[in-house]
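This is a predicted model, so every value here is computed, not measured.
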Amino acid sequence: MQIIRDIATLHRAVAALKQGGKSVALVPTMGALHDGHLSLVQMARRVADHVVVSIFVNPTQFGPNEDFAAYPRDEARDAALLVNEGVSLLWAPDVAVMYPGGHSTHIEVAELGADYCGAARPGHFDGVATVVAKLFNQVRPDIAIFGEKDWQQLAIIRRMARDLDFALDILGAPIARDADGLALSSRNAYLSPEQRRAAAAFPNALKAAAAALANGGDMYETLAKAEAAIVAGGFDSVDYIALADAASLERLADVRPPARLLAAARIGKTRLIDNYPVG
């Protein structure tokens, strides 16, 4: 596996991978890889001839009081995992390469980024859209794969790619979960043993609510019951829990497929997100 840190070398390396009409799939990450990330890599291997993984902890998607400095970083461990998965190239730029001096351009996907996590984390999705657009231009993949765990992010990236005419396919990979249902996340490492045990209340409440809504349950009553169950299970607060159109992210008053139940909740200092399909 090649590990590359400058754009000129990256372009030459990707061009070599594409020789003979070979295809390239990109899996963007911020490192601290877990089985959820590796499931994206495995999906990428199934749909393309070569896999490129990027690792870049993107400062522009973190707010001033968020965990950028503390975000887990272990490139050597991550690289070893990627070698085992047959990855062809690891793109690992530093901040100076990604945002050279004088960088002053950002991308805003206005409507899709305003609600849910966008409301709780102002500017977050501008940072995401900007860095992903740069990764698409840098790697020039045929396919890019993102996890469905951050459904709002996936919807924003799809809209951004469509609006800016990026010539690639964007695939969503199913959420990878632990045995108790908790979605795999790098931030799960922040949980104490007691918090980790309590965290299963989050997906369990959402799964039950999604089933109730699909079976005709009253939306407001169902969502209120789910929020109460999450807090009763040990969470400190629920940022939001909402039924949304899966593509436009418009809040729905009743089930209108394809719909998605979206939620974020806080336990201790950790903010977790999750979602389930409805109907």
Side-chain angles (χ1 to χ4, degrees), residues 1-58 61 72-100 107 128-151 153-176 184-186:
M1 182 181 72
Q2 302 175 76
I3 300 177
I4 295 177
R5 304 183 192 279
D6 70 277
I7 290 175
T9 304
L10 174 70
H11 287 170
R12 290 193 295 270
V14 172
L17 294 179
K18 288 187 170 186
Q19 284 184 346
K22 301 288 188 181
S23 59
V24 168
L26 170 66
V27 180
T29 82
M30 294 205 301
L33 302 182
H34 51 66
D35 286 345
H37 294 110
L38 299 184
S39 72
L40 307 187
V41 173
Q42 291 154 11
M43 182 177 182
R45 283 208 336 262
R46 293 194 296 270
V47 299
D49 297 305
H50 293 286
V51 179
V52 174
V53 173
S54 64
I55 293 179
F56 179 67
V57 183
N58 177 34
Q61 69 189 67
R73 296 163 171 85
D74 190 344
E75 185 185 295
R77 172 188 170 276
D78 291 344
L81 291 172
L82 297 176
V83 168
N84 289 340
E85 292 293 338
V87 170
S88 298
L89 190 158
L90 171 58
W91 170 227
D94 63 18
V95 173
V97 169
M98 187 63 75
Y99 298 113
I107 296 172
V128 170
T130 301
V131 78
V132 169
K134 289 177 70 68
L135 289 169
F136 287 172
N137 280 328
Q138 291 163 353
V139 179
R140 301 167 187 171
D142 303 288
I143 301 165
I145 297 179
F146 297 84
E148 292 183 350
K149 188 194 76 174
D150 193 334
W151 188 268
Q153 173 179 275
L154 177 60
I156 285 169
I157 289 167
R158 282 176 165 154
R159 180 69 60 84
M160 182 269 293
R162 186 197 75 179
D163 290 352
L164 298 183
D165 302 313
F166 281 104
L168 79 167
D169 293 323
I170 295 174
L171 305 182
I175 300 172
L184 300 186
S185 169
S186 300

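Val97 and Arg5 make their closest contact through CG2-O, 3.6 Å (heavy atoms, listed as atom of the first residue, atom of the second, distance). Across every non-hydrogen atom of Ile143 and Val47, the tightest pair is CD1-O, 3.4 Å. Contact detail for Met98 and Pro93: the closest heavy-atom pair is CE-CG, 3.7 Å. Of all heavy-atom pairs spanning Arg158 and Gly172, the tightest one is NH2-N, 3.5 Å. Taking all atoms of both residues into account, the shortest heavy-atom contact from Ala48 to Val24 is CB-C, 4.0 Å. Scanning both residues, Ala92 and Glu75, for their nearest heavy atoms gives CB-OE1, 3.9 Å.
In this structure, Arg77 contributes its side chain and Leu33 its backbone to a donor-acceptor pair below 3.5 Å. Remark: the backbone N or O of His50 is not paired with any side-chain donor or acceptor of Ser88 at under 3.5 angstrom.
With rounding to the nearest 0.5 angstrom, the CZ atom of Arg162 is 11.5 Å from the CD1 atom of Ile170. The distance from the CG atom of Leu90 to the CG atom of Asp78 is 8.0 Å, given to the nearest 0.5 Å. Taken to the nearest 0.5 Å, the CE atom of Met30 stands 8.0 Å off from the NE2 atom of His37. Atom-to-atom distance recorded for Arg73:CZ and Ile55:CD1 is 11.5 Å, nearest 0.5 angstrom. For the atom pair CG (Leu89) and CG (Leu10), the distance works out to 6.0 Å, reported to the nearest 0.5 Å. Taken to the nearest 0.5 Å, the OG atom of Ser185 stands 9.5 Å off from the CG atom of Asp150.
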task = Go through the steps to decide whether Val27 and Met43 satisfy the test side-chain contact (heavy atoms from CB on, under 4.5 Å), and finish with yes or no.
result = CA-CA 10 Å; Val27 180; Met43 182 177 182; over 6 Å; no
Stepwise side-chain contact (heavy atoms from CB on, under 4.5 Å) check, Glu85 with Leu81 = CA-CA 6 Å; Glu85 292 293 338; Leu81 291 172; 5.8 Å; no
query = Can you list the steps and then say if Leu164 with Ile107 is a side-chain contact (heavy atoms from CB on, under 4.5 Å)?
reply = CA-CA 10 Å; Leu164 298 183; Ile107 296 172; 3.9 Å; yes
key: Leu26 and Phe146: CA distance, side-chain angles, deciding distance, side-chain contact (heavy atoms from CB on, under 4.5 Å) verdict   = CA-CA 9 Å; Leu26 170 66; Phe146 297 84; over 6 Å; no
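Side-chain atoms of Ile157 and Phe136, non-hydrogen and from C-beta on, do get closer than 4.5 Å to each other. For the pair Leu40 and Thr29, the minimum side-chain heavy-atom distance is 4.5 Å or more.
Aromatic ring orientation, Tyr99 versus Phe56: tilted (interplanar angle from 30° to 60°).
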